[in-house]
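Encoded as C-alpha cells, the structure appears first; notes follow it.
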Amino acid sequence: PPPALIAVAVLKAQAMTALSAPEQLCRCCDHLTPRQREVLRGVLAGKASKTIAHDLRISQRTVESHRAAIMQRVGAKSVPDLVRLALFAG
C-alpha cells in the first residue's frame, strides 16, 4: 500500500489512545492559532478541505489558507509530509 495510506491507518490507530498524534503535534506547535489547530486535526484525520470547512463553518478557501500556513510553520512541503511529521511527533 502507498505510504500515505499506511500513515492514515497509523493515525487512526493512534486516535484511539488517550493523546492522539494531532494533539501531540499541536503541543510541538504551540505557535499555531486555535483555528489552525482545528484545521490540523481535520487534515490529520484524513478529511477533505470541504468537509473540514463544513464542520468548522468556514469557507473551503479559508481551510486551505490555514492548511498552507500550518505547513509553512512546521516546515511541511505536502500533506503527506505533514502526516509524517505528526507520526514522528507521536
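Predicted model, so just to flag it, every value in this text is computed and none were measured. Quick note: numbers below take in every heavy atom, side chains included, and nothing from hydrogens, waters or symmetry partners.
- Every pair passing salt bridge (charged side-chain N to carboxylate O under 4.0 Å, His left out) that includes a residue from residues 42-54 is listed here, sequence neighbours excluded: Lys47-Asp55.
- A distance of 16.0 Å separates CD1 of Ile52 from CZ of Arg57, quoted to the nearest 0.5 Å.
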Stepwise salt bridge (Lys or Arg N to Asp or Glu O under 4.0 Å) test for Arg41 and Glu38: CA-CA 5 Å; Arg41 286 184 190 101; Glu38 291 173 328; 5.9 Å; no
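- For the pair Asp81 and Val74, the minimum side-chain heavy-atom distance is 4.5 Å or more.
- Within the structure, side-chain hydrogen bond (donor to acceptor under 3.5 Å, both in side chains) contacts touching residues 64-80 (residues at least two apart or in different chains) are Gln36-Arg73, Ser49-Arg67, Gln60-Glu64.
- Across all non-hydrogen atoms, the minimal contact from Met71 to Leu82 is CG-CD2, 4.2 Å.
- Here OG1 of Thr33 is found 7.0 Å from CD1 of Ile70. Values are rounded to the nearest 0.5 Å.
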